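Just so you know, ligand 1 is whichever comes first in the structure, and atom 1 is the first atom listed for that ligand. The structure displayed is predicted, hence computed values, not measured ones.
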Amino acid sequence: MRSDRRPTSVLVTGANGRLGSAAAERLRAAGFLVHARTRSELDIADAEGVRETVSALRPDVIVNAAAYTNVARAPSEPEALRRANVEGPAVLAACAARFDARLVHFSTDYVFSGGGLKSHRESDPRRPAGAYGRSKALGEARIELSGARYWIVRIGWLHGAGNDFVVRVLDQALAGKAIVMRRNQWGRPTSYDAVARLSAALCGHPEVAGGGSAVFHFGQAGACVSRFGWAQFVLRCAAEITPDRADIFLGAARRMRGVTLFDPERPENCRLALRDLEACLGIRADALSPSWRDDVSASVAARLGAHARGSVESA
Ligand SMILES: NC(=O)C1=CN([C@@H]2O[C@H](COP(=O)(O)OP(=O)(O)OC[C@H]3O[C@@H](n4cnc5c(N)ncnc54)[C@H](OP(=O)(O)O)[C@@H]3O)[C@@H](O)[C@H]2O)C=CC1
Ligand SMILES: Cc1cn([C@H]2C[C@H](O)[C@@H](COP(=O)(O)OP(=O)(O)O[C@H]3O[C@@H](C)C(=O)[C@@H](O)[C@H]3O)O2)c(=O)[nH]c1=O
């Protein structure tokens with residue numbers, strides 16, 4: 001938080017989204033002056049609309065949580081993809097540069113092609129293989145060329161809102177379906193809330209108002225895991241949390257079939273090295289949020305609680 005009288009003001013775009021809503025909530029709770037804008041209030045690819053909004057609000061920080069995130073549909077919707085993930089970030093960056101705001105932009109592990117076993121460093125070249133990853137990589141590049149002060153934060157495998165991976169695994173188990181799960185995709189599950197906390201840490205960082213620009217990786221503490229390993233963990237948590245249904249969840253875990261899938265849209269190696277955020281800004285991922293296992297367990301409990309209350313919407 002700044003030391004002068006005015007609270008740091010933050011424009012949050014994509015505020016109806018899963019990360020946007022979590023970030024706006026955390027930022028408000030931390031005392032920032034938050035201007036949250038949904039897509040219908042502010043289309044980030046609308047240069048004129050963004051210019052008017054930024055010019056009127058004069059935010060210290062723009063947190064861009066708006067994006068096209070449907071990985072499966074991305075190849076068949078190139079225009080919507082380009083607008084949200086390439087043009088939008090470029091428009092926001094141009095306005096950040098013009099009105100001297102810091103842009104905090106979220107990107108993804110899918111900007112890497114996913115070969116090899118080593119964790120990707122921030123400095124590794126972007127080599128996206130799929131349409132969504134390509135669009136996010138182009139968005140990063142447009143920001144880097146804009147002259148704005150930016151922090152690009154690459155994250156991956158988010159859960160804790162909407163029809164996420166945790167929900168889909170639990171729902172399959174509860175429906176008695178035989179789960180078929182990919183073994184050859186490795187990453188680090190990270191909760192929306194952990195990224196929302198990071199947003200607050202970044203907006204309150206002493207270097208937010210000056211300082212340089214950088215790309216950072218963020219994920220929760222704990223070793224990377226395969227999709228198969230993550231799904232097994234989800235089901236074991238579910239069995240512990242609801243002992244009366246332990247048979248269902250442990251049975252689903254036992255019967256789960258591991259498969260090797262080659263999907264150009266979804267890289268195999270999503271491991272992100274996490275050192276730079278601490279080295280450059282002194283922000284330690286493990287100090288900011290619990291390990292991924294704790295937050296996955298919380299996501300499982302939230303979903304099972306919703307089931308128990310009968311408040312689960314049909315997908
Ligand atoms: N989900 C994940 O696992 C991961 C996400 N990320 C990144 O995190 C960020 C947030 O993702 P997440 O919250 O999961 O995504 P969501 O899909 O939940 O939210 C994205 C939001 O952006 C809005 N939006 C889309 N296009 C525009 C536009 N042109 N102008 C303004 N708003 C727009 C959407 O509006 P509407 O509701 O109307 O569609 C939606 O509210 C994204 O940058 C994403 O790439 C990175 C790694 C993993
Ligand atoms: C539910 C399920 C998933 N899977 C595997 C396939 C695939 O590799 C992965 C798909 O899960 P999702 O659909 O949640 O994954 P996906 O939509 O690819 O998630 C991605 O979203 C975008 C926005 C990102 O930026 C990435 O970091 C990543 O989180 O899990 C199975 O094999 N079986 C299953 O039953």
Kindly indicate whether the side chain of [X], heavy atoms from C-beta on, has any atom under 4.5 Å from the side chain of [Y].
| X | Y | result |
| --- | --- | --- |
| F216 | C280 | yes |
| S226 | N184 | no |
| S9 | R58 | no |

Exercise for the section: Would you check, one step at a time, whether the test side chain to side chain contact (heavy atoms under 4.5 Å, CB included) holds for L42 with D46? Expected result: CA-CA 8 Å; L42 184 66; D46 169 8; 6.0 Å; no
On a heavy-atom basis, I'd like to know which of [options] is closest to [atom].
| atom | options | value |
| --- | --- | --- |
| atom 12 (P) of ligand 1 | F106, F165, F218, Y192 | Y192 |
| atom 35 (O) of ligand 2 | Q172, R266, R168, K136 | Q172 |
| atom 4 (N) of ligand 2 | K177, R227, M181 | M181 |
| atom 35 (O) of ligand 1 | R18, R82, R83, R39 | R39 |
| atom 11 (O) of ligand 1 | V111, T69, V153, L92 | T69 |
| atom 20 (C) of ligand 1 | G20, S135, A67 | A67 |

Practice task
Can you establish whether the number of heavy atoms outside E41 located under 6.0 Å from its atom CD is more than 12?
Solution key: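 It does: E41 CD has more than 12 such atoms within range.
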Exercise for the section: Count the heavy atoms belonging to other residues, nucleotides or ligands that lie under 6.0 Å from CZ of R73, then report whether that count exceeds 12. Expected result: no
Practice task
Take every heavy atom of T69, measure it against each atom of ligand 2, and state whether any distance is under 4.0 Å.
Solution key: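 Judged by the 4.0 Å heavy-atom criterion, T69 does count as contacting ligand 2.
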Exercise for the section: Look at ligand 2 and say whether Y132 reaches it with a heavy atom at a distance under 4.0 Å. Expected result: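 Yes, that is the case, since the closest heavy atom of the residue is under 4.0 Å from the ligand.
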Could [X] and [Y] be called an ion pair, given the rule that one side-chain N must be under 4.0 Å from one carboxylate O?
| X | Y | value |
| --- | --- | --- |
| E87 | R142 | yes |
| R82 | E79 | yes |
| R271 | D109 | no |

Which atoms from ligand 2 have a heavy atom of [X] less than 4.0 Å away?
| X | answer |
| --- | --- |
| D109 | 26 (C), 27 (O) |
| T108 | 24 (C), 25 (O), 26 (C), 27 (O) |
| R182 | 8 (O), 31 (C), 32 (O) |
| G156 | 27 (O) |

Practice task
For the pair D171 and K177, evaluate salt bridge (Lys or Arg N to Asp or Glu O under 4.0 Å) and give the outcome as yes or no after the intermediate values.
Solution key: CA-CA 9 Å; D171 286 358; K177 291 192 180 148; over 6 Å; no
Could an N or O of ligand 1 be found under 3.5 Å from any N or O of [X], whether backbone or side chain?
| X | value |
| --- | --- |
| G156 | no |
| T108 | no |
| I155 | no |

Do me a favour and list the nearest non-hydrogen protein atom to [atom] with residue, atom name and distance?
| atom | result |
| --- | --- |
| atom 40 (C) of ligand 1 | G17 CA, 3.9 Å |
| atom 21 (O) of ligand 2 | V71 CG2, 3.7 Å |
| atom 3 (C) of ligand 2 | F165 CE1, 3.6 Å |
| atom 13 (O) of ligand 1 | L19 N, 2.8 Å |
| atom 29 (O) of ligand 2 | W157 N, 3.1 Å |
| atom 37 (O) of ligand 1 | N16 CB, 4.4 Å |
| atom 20 (C) of ligand 2 | Y110 OH, 3.6 Å |
| atom 5 (C) of ligand 1 | L158 CD1, 3.7 Å |
| atom 46 (C) of ligand 1 | S107 O, 3.3 Å |
| atom 28 (C) of ligand 1 | D43 OD1, 3.7 Å |
| atom 43 (O) of ligand 1 | K136 NZ, 2.7 Å |
| atom 30 (N) of ligand 1 | I44 N, 3.0 Å |

Completion exercise
Between S297 and I241, the two heavy atoms sitting closest are O-CD1, 3.8 Å
Fill in the blank from the handout: Nearest heavy-atom approach of M256 to A231 is CE-CB, 3.6 Å
Exercise for the section: Using the side chain to side chain contact (heavy atoms under 4.5 Å, CB included) rule, take L235 and I179 through it: C-alpha gap first, then chi angles, then the decisive distance, then the call. Expected result: CA-CA 11 Å; L235 293 172; I179 303 178; 4.3 Å; yes
Problem - A66: numbered ligand 1 atoms lying under 4.0 Å from its heavy atoms - result: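 It comes down to these atoms of ligand 1: 22 (O), 31 (C), 32 (N), 33 (C).
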Handout entry: Residue A84 vicinity, atoms of ligand 1 by number, heavy atom under 4.0 Å
Key = 26 (N)
Problem - Close aromatic pair by centroid cut-off 6.0 Å: F218 and W151 - result: no
Practice task
Check if Y132 has a non-hydrogen atom at a distance under 4.0 Å from any atom of ligand 1.
Solution key: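 Yes; Y132 lies near enough to ligand 1 that a heavy-atom distance drops under 4.0 Å.
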Practice task
List the steps, then state whether side chain to side chain contact (heavy atoms under 4.5 Å, CB included) holds for R121 with R275.
Solution key: CA-CA 8 Å; R121 302 291 310 271; R275 270 168 298 187; 3.2 Å; yes
Problem - Residue portion contacting ligand 2 (non-hydrogen atoms closer than 4.0 Å) for V180 - result: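 Within the 4.0 Å criterion, V180 contacts ligand 2 through backbone atoms alone.
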Problem - ligand 2 versus Q185: contacting region, heavy-atom distance under 4.0 Å - result: side chain
Is the contact between [X] and ligand 1 made by the side chain, the backbone, both, or neither, using heavy atoms and a 4.0 Å cut-off?
| X | answer |
| --- | --- |
| A65 | backbone |
| L42 | backbone |
| H105 | neither |

Handout entry: Step-by-step side chain to side chain contact (heavy atoms under 4.5 Å, CB included) determination, W157 to W230
Key = CA-CA 10 Å; W157 295 27; W230 185 9; 3.6 Å; yes
Do you reckon [X] sits in the same ILVMFWY cluster as [Y], going by side-chain contacts under 4.5 Å, direct or chained?
| X | Y | answer |
| --- | --- | --- |
| F233 | L304 | yes |
| V34 | I62 | no |
| L272 | I155 | no |
| V208 | L33 | no |

